[in-house]
Engineer: 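Quick one: this structure, given as structure tokens, is what I'll be asking you about.
If you're wondering where the values come from, they're calculated on a predicted model, not measured in any experiment. We're numbering straight along the sequence, starting at 1.
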Amino acid sequence: AGHLKKLSSRNLHDYLCQRHKFTSIGLLLGLGVTNRGTQDETTTKLFSIHVPALLPPTAVPLELDHLVQTAAVAGLGLVYIGSAHRRMAEIMLDEIGRPPGPEMDNCEDREGYSLACGFSLGLILLGMGNEALPGLDDLKLTDRLYKYINGGKKKDCSPAGPSSFRIWEGNMINTNVSSIGAIMALGLTFLKTGNKNIARTLAAPHTEYLLEGVRPDILLLRTVCYGLILWDHVLPTVDWINCQVPEVLLDCLEVITGVVDDTDGVSLTVDPDTAFPCTLTILAGGCFALALRFAGTANKAAFKTIMFYLNRTHHISRQPKDFPGFSKDLTEMCLVCLLVSASIVMAGTGNLEVMRLIRKLRKRIVPINTYGHNFVTYGCHMAIHMSLGLLFLGGGRYSLKRDNLSVAVLFLSMYPIFQTCQDDNTYHLQAFRHLWVIAAQPRLLVTIDEDTNKPCYVPVTITTAPDCVPADATCPGVARDVSRTCPGVSRDV
């Protein structure tokens, strides 16, 4: 249950009154995790103080750090997880597209705030899909989320408010800010529902003109959420990953996957500066969705598929001149995303193949270029070390769960867009990286001799659940006999 549940209101007040940014963030997130799903009134009041949208109109405006507000909206989502609470859903829906306000209100780290609001909305309606929509008809939930993703007039989505003197956005929605949170909200609301209509709106565009209007990192997120919605249709095969790439990018796909070796003789039908980033991010997003689908299962087919794209991307990063439209920053982002994906599948196994690649990537020392920019950023090192931690989770005694909440927090904590420096919280609050602990699960089977109370070798029969069948099994619920099982970890229990 956590120690924060035993902390008195007076002590909580003392900590928050210190106005120390990181203490407040940790306290709010910790309270959200401790009271998740309880809809506790006292906790809600505490969070409401840090979310201006929940304060009454006559309330005195408080000077709150924007990152603390970001942590507060995510904590509220945890407290109201799966409740379909109408008021909270309405507030989070409005906040996804919250425009910049007067003075410095909501002018910094807006993308990260929108992401947190989308995550919170997704948790409130987690996996409910169309079942939650009848009670929220007047909110026009899906229509407004579509507009946050594709653009439209602000008056149709965002509440009116005083304008900002620092940022002028006009009458149209700024999709660079709002689309991130809206994609997250749609993906979590329709998680595992198999709703093809919703999934189709998140699939990659099929024309060059539309592809040029979407940022590559947003394409990655759309592909991940597409896989989360069509959960049962995600297959651990190269063909399924390649099918996520639109037909107009098939020439570039052949170059990236190594089907075509002679890149000089290939004429791409799409501008290379558009084709390469879009194709690579779609492939990385497909692999990340595959990793969430098979998190902690050590599925051989899923691992082999992700490693194929991981090795290809590593090859591309070492020989950039052979690939038209190459972008070093984007390739690094996709490389570490694929590395984290492989570690999610093999969590707790200590797989040597992944560990060797982690060592190789960790040793890279890239000289700073003429513009003072180092391509191996703080975020790259963060991703590499997170991968190493997942690989040896709990010293090999833990792995990852795949229930709805676990998938949601894994998505947020392993968010595939990593920071550029230690102070960067623009697109993602770094404190969210700790939420993976909710998805951790002990998986250790030790056979003990009753007389000596010491580990011993015994025959063991392992029966797997139908949804966790290993890659070498031929039918659900297969029983496997292990004649000599060493005292230690049994992965498939």
Engineer: Check for a donor-acceptor pair, side chain of Arg36 on one end and backbone N or O of Val79 on the other, with a separation under 3.5 Å.
Structural biologist: no

Engineer: Side chains of Phe432 and Ser413, heavy atoms from C-beta outward: is any pair under 4.5 Å?
Structural biologist: no

Engineer: Quick check against the 3.5 Å criterion: does Asn299 have a side-chain atom that pairs as donor or acceptor with the backbone of Ala302?
Structural biologist: yes

Engineer: Is there a side-chain contact (heavy atoms from CB on, under 4.5 Å) between Val407 and Trp231? Walk through the geometry before answering.
Structural biologist: CA-CA 11 Å; Val407 172; Trp231 182 268; 3.7 Å; yes

Engineer: Looking at Tyr457, is its backbone amide N or carbonyl O close enough to the side chain of Thr447 to form a donor-acceptor pair, meaning the two atoms are under 3.5 Å apart?
Structural biologist: no

Engineer: With a 3.5 Å distance limit and no angle check, can you tell me whether Arg443 reaches the backbone of Leu400 through a side-chain donor-acceptor pair?
Structural biologist: yes

Engineer: So how far is it from Leu28 CG to Leu67 CG, rounded to the nearest 0.5 Å?
Structural biologist: 12.0 Å

Engineer: Could you grab the distance from atom CG of Leu230 to atom CH2 of Trp240, nearest 0.5 Å is fine?
Structural biologist: 8.0 Å

Engineer: Are any side-chain N or O atoms of Ser114 and backbone N or O atoms of Ile96, one a donor and one an acceptor, separated by less than 3.5 Å?
Structural biologist: yes

Engineer: Do you know which two heavy atoms are closest between Leu249 and Cys278, and how far apart they sit?
Structural biologist: CD1-CB, 3.9 Å

Engineer: Please confirm whether the backbone N or O of Ala439 pairs with a side-chain atom of Ser406, one donor and one acceptor, at under 3.5 Å?
Structural biologist: no

Engineer: Between Gln430 (side chain) and Gln422 (backbone), is there a donor-acceptor pair under 3.5 Å?
Structural biologist: yes

Engineer: For Ala204, does its backbone N or O pair with a side-chain atom of Arg222 as donor and acceptor, under 3.5 Å?
Structural biologist: no

Engineer: What pair of heavy atoms forms the shortest contact from Val73 to Ala116, and how long is it?
Structural biologist: CG2-CB, 3.6 Å

Engineer: Could you tell me the separation between the CG atom of Asn425 and the CG atom of Asp423, rounded to the nearest 0.5 Å?
Structural biologist: 8.0 Å

Engineer: Closest heavy-atom contact between Leu202 and Ile229?
Structural biologist: CD1-CD1, 3.7 Å

Engineer: For a side-chain contact (heavy atoms from CB on, under 4.5 Å) check, start with the C-alpha distance between Leu126 and Leu191, then their side-chain angles and the critical distance, and finish with the verdict.
Structural biologist: CA-CA 7 Å; Leu126 186 61; Leu191 176 64; 4.0 Å; yes

Engineer: Are side-chain heavy atoms of Leu221 and Pro416 found at a separation under 4.5 Å?
Structural biologist: yes

Engineer: Check residues 351-358 and write down every donor-acceptor pair under 3.5 Å in which the side-chain atom is one partner and the other belongs to a residue at least two apart or another chain.
Structural biologist:
unit_1: Asn351; atom_1: OD1; unit_2: Glu353; atom_2: N; d: 3.0
unit_1: Asn351; atom_1: OD1; unit_2: Val354; atom_2: N; d: 3.1

Engineer: Would a 4.5 Å heavy-atom cut-off, applied to side chains only, mark Asn453 and Ile448 as touching?
Structural biologist: yes

Engineer: Out of Tyr415, Phe119, Tyr113, Phe418, which one pairs with His428 under the ring-ring contact (aromatic ring centres under 6.0 Å, His included) rule?
Structural biologist: Tyr415

Engineer: Using 30° and 60° as the class boundaries, would you call the ring planes of His381 and His385 parallel, tilted or perpendicular?
Structural biologist: tilted

Engineer: How long is the straight-line distance from SG of Cys287 back to CD of Gln244, given to the nearest 0.5 Å?
Structural biologist: 10.0 Å

Engineer: Looking only at heavy atoms, what is the nearest atom pair of Arg433 and Ile417, with distance?
Structural biologist: NH2-O, 3.3 Å

Engineer: Taking atom types as modelled and ignoring hydrogens, do the side chains of Asn242 and Tyr309 form a donor-acceptor contact shorter than 3.5 angstrom?
Structural biologist: yes

Engineer: With Leu219 as reference, evaluate Val224, Val214, Leu280 under the side-chain contact (heavy atoms from CB on, under 4.5 Å) test and give the passing residue.
Structural biologist: Val214

Engineer: Side chain of Ser399, backbone of Gly296: donor and acceptor closer than 3.5 Å?
Structural biologist: yes

Engineer: As a test of understanding, state which of Ile344, Thr223, Leu410 forms a side-chain contact (heavy atoms from CB on, under 4.5 Å) with Phe288.
Structural biologist: Ile344

Engineer: With a 3.5 Å distance limit and no angle check, can you tell me whether Thr34 reaches the backbone of Lys5 through a side-chain donor-acceptor pair?
Structural biologist: no

Engineer: Could you check whether any side-chain heavy atom of Ile282 comes within less than 4.5 Å of a side-chain heavy atom of Pro246, counting everything from C-beta outward?
Structural biologist: yes

Engineer: Let me see the working for Ile198 and Tyr146 under side-chain contact (heavy atoms from CB on, under 4.5 Å), right down to the final yes or no.
Structural biologist: CA-CA 10 Å; Ile198 300 295; Tyr146 291 160; 2.9 Å; yes

Engineer: Only counting residues at least two apart or in another chain, list the ones meeting side-chain hydrogen bond (donor to acceptor under 3.5 Å, both in side chains) with Thr274.
Structural biologist: none

Engineer: Indicate the atoms forming the closest heavy-atom contact of Ala185 with Leu121, along with that distance.
Structural biologist: CB-CD2, 3.9 Å

Engineer: Taking only residues two or more places apart in sequence, or in another chain, which ones meet Asp217 in a salt bridge (charged side-chain N to carboxylate O under 4.0 Å, His left out)?
Structural biologist: Arg215

Engineer: Could you please spell out the steps behind the side-chain contact (heavy atoms from CB on, under 4.5 Å) verdict for Phe276 and Val255?
Structural biologist: CA-CA 9 Å; Phe276 182 85; Val255 174; over 6 Å; no

Engineer: CD1 of Ile438 to CG of Leu412: how many Å apart, nearest 0.5 Å?
Structural biologist: 9.5 Å

Engineer: Can a side-chain donor-acceptor contact be found between Thr426 and Asp424 if the only test is distance below 3.5 angstrom?
Structural biologist: yes

Engineer: Compare all side-chain heavy atoms of Met92 with those of Leu76 and state whether any distance is below 4.5 angstrom.
Structural biologist: yes

Engineer: What pair of heavy atoms forms the shortest contact from Leu235 to Leu290, and how long is it?
Structural biologist: O-CD1, 3.6 Å

Engineer: Just how far is it from atom CG of Leu390 to atom CE of Met414, taken to the nearest 0.5 Å?
Structural biologist: 4.0 Å

Engineer: Flag the pair Met333 / Thr281 as yes when at least one side-chain heavy-atom distance between them is below 4.5 Å, and no otherwise.
Structural biologist: yes

Engineer: Counting heavy atoms not belonging to Glu131, are there more than 12 under 6.0 Å from its CD?
Structural biologist: no

Engineer: Mind checking whether Ser83 and Ile124 have side chains closer than 4.5 Å, heavy atoms only?
Structural biologist: yes

Engineer: Can you confirm whether Leu335 sits close enough to Leu339 that some side-chain heavy atom of one is under 4.5 Å from a side-chain heavy atom of the other?
Structural biologist: no

